[in-house]
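Heads up, the thing below is written out as structure tokens.
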Amino acid sequence: MSTSTIIRFENVTKQYDNDAAVLDNVSFEMERGKFYTLLGPSGCGKTTILRLISGLVEASHGKIYINDKLVNDVPANKRQVNTVFQDYALFPHLNVFENVAFGLRVKKLKNADIQKKVQEALRFVNLEAYENREISEMSGGQRQRVAIARAIVNEPEVLLLDEPLSALDLKLRTEMQYELRELQRRLGITFVFVTHDQEEALAMSDEIFVINKGKIQQRGVPTDIYDEPINRFVADFIGESNIIQGKMLRDFVVQFDGKEFECVDQGFNPNESVEVVIRPEDLEITTKEKGHLKVKVDSQLFRGVHYEICGYDENGNEWIVHSTKKAVVGEEIGLYFEPEAIHVMRLGETEEEFDARLEAYDDQGVENGN
Amino acid sequence: METRSRNLYLIPYVLWIALFVITPILLIVYYSFIDIHGNFSLINYQKFFTPVYLKMTLSSFWYAFLITAFTLIVAYPTAFLLTKTKYKHLWLLLIIVPSWINLLLKAYAFLGIFGTFGFANAMLEVFGIGTKQILFTDFSFIFVSVYIFIPFMILPIFNALDKLNPTFVDASRDLGASGWTTFWKVIVPLTIDGVKSGCQVVFIPALSLFMLTRLIAGNRVITLGTAVEQHFLVTQDWGMGSTIAVFLVIIMAVIMFFTGNRKRGL
């Protein structure tokens, strides 16, 4: 734990009545001033983490610290965090100004101060001219900004965002991704962003927590999560993947699809059963002779930036390829990939073991002068 | 073609309204201009603006206001607690069931409870306070009226509270508001429409209560409703009765107008 830690969960479990735990013995730390994303399918427990931080639900077990202070018994209205809710939850009986001013009025600030701060917050989200509008007169994107202004006007140390972009159309959503990231940089506070959209998570975050079934599956910077998924769930959930059963013959050599391939992974037991991930964009289409794999093209979709080609090799494994080159359905093609494109996953490996293995491997890399 | 068949469906409704709403009102207006000897005159309206009737109007208003206020004070917290219970619709049903019982029966039941040898006085005796005159007082009148109107007030408030999106409460807490502030600044304003309809369905009938005034209040409380009844059935002065009725209709229309739900987005 360092001084830059702002939120700390210690073995936190959340359980409703006698149902299975929504959040199962979760521990993590979050640093000040970073953009965190909690990513996972619906019902995985990501929103529960958010509500535990904001204080809207209480933990069944475990300890929650904000700023090194145990906050398990601190009610939501006494915590220095604010939330942007999924449906914005803007008060329909108040206009834009009064919605933003709500938190300040509760704190009984002077009218002049309220006026100044609200105007500043609205300017921050580019809504200066909208003070006197009713909420019902605002569009989806504008409501989103009002909700952000209402939260940041209270100068929270942590801003929690609960799938705030899910109600917007694609174009606006992409725009807001940039804006949110920019906003976080300007404010310099911690953002905890909840989403089920992996592209959103990869684009915006300093660090991603991938969550499934009440447990954190993997945490790390976006590129690590994408390039080194810990298990089948993460590999499948983040981006598209070709996942295939294989065997780690020895360090740097993996066998799958009946062939041996050079790879960059190590630290496995000899002949250990593993799963192998190759991203569709790392597969290159070439002639049958040059390719590592021979695949018969089954279908092809035009995706705009690339073609998505689906085919089967002679052992019946399905391969998805993203390529700017077109293939012909029914024809046999070769697939080529670099050793770096192969990612080997140990079955049932926990996050700690995974990190330890990667670290050992990094140290060795340094010794070898790589 | 389609609009014509739709108009066809309207016929029963229009007939009903014409026969049982419009015609009676027109008849009342007509009779209000007929004096006790059957001649056309404005004497009834002159009489209405004499202190006797003005005082009666004021006291009607005062009692209706008291009844509405006490009903609201009891009904809002009850409805609020109901929405928090597990089997809220069952509880709501239990609260509404008494309103299915005839008003007269309930009034007679209270005669028994509040009478000199009734349950209420027996309890006062037990606590050493001694027998009191409970029946035929303002207290008993308002108590029984409130009891009768409570279900009508709870229903619209319960519906408004039940429809209230709980994230608004979360948002308010998140922004630093205590439970009390959240209640007054978020929950109450967002359920005010339910409160308004509840007040309407209580205040307007309370203004013209007449049976309870005789049975429970022993004719010590004379409201406009009582006066209408007396003129039609006792003094046979239909003209004066109609005039008071006309004023009741006007007052109700005004109240409906001011407590009406204005359209609001979202």
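Computed from a prediction, not measured in an experiment: that's the story for all the values here. Proteins get letters first, then strands, A, B, ... in listed order; numbering begins at 1 in each.
Between the side chain of A/Asn82 and the backbone N or O of B/Asp174, at least one donor-acceptor pair lies under 3.5 Å. Between the A/His93 side chain and the B/Lys185 main chain, a donor and an acceptor come within less than 3.5 Å of each other.
Side-chain contact between B/Asn165 and A/Asp87 is present, with at least one heavy-atom pair separated by less than 4.5 Å.
Annotation: B/Phe48, atom CZ; neighbour count of heavy atoms from other residues, nucleotides and ligands within 6.0 Å is above 12. Remark: A/Lys107 NZ is packed, more than 12 non-hydrogen atoms of other residues, nucleotides or ligands lying under 6.0 Å away. Open room surrounds CZ on B/Phe65; 12 or fewer heavy atoms of other groups in view lie less than 6.0 Å from it. The local environment of OH in A/Tyr130 is sparse, with at most 12 non-hydrogen atoms from other residues, nucleotides or ligands closer than 6.0 Å.
Closest heavy-atom contact between A/Phe102 and B/Val186: CZ-CG2, 3.7 Å. Contact record, A/Phe85 with B/Ala171: CE1-CA, 3.4 Å, taken as the closest heavy-atom pair. The shortest non-hydrogen separation linking B/Phe168 to A/Phe91 is O-CE2, 3.4 Å.
To the nearest 0.5 Å, the span separating OH on A/Tyr88 from OG1 on B/Thr167 amounts to 13.0 Å.
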Practice task
Go through the steps to decide whether B/Asp170 and A/Arg51 satisfy the test side chain to side chain contact (heavy atoms under 4.5 Å, CB included), and finish with yes or no.
Solution key: CA-CA 10 Å; B/Asp170 286 349; A/Arg51 292 174 73 84; 3.0 Å; yes
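Both the backbone and the side chain of B/Ser178 have a heavy atom closer than 4.5 Å to some heavy atom of chain A. Neither the backbone nor the side chain of B/Thr182 comes within contact range of chain A, judged by heavy atoms closer than 4.5 Å. Looking at A/Pro156, neither its backbone nor its side chain comes within 4.5 Å of chain B, counting heavy atoms on both sides. Contacts of A/Arg150 with chain B are made by both backbone and side-chain atoms, with heavy-atom separations under 4.5 Å.
Annotation: maximal heavy-atom pairing with chain B below 4.5 Å, among A/Gly55, A/Ala89, A/Gly103, A/Ala147, occurs at A/Ala89.
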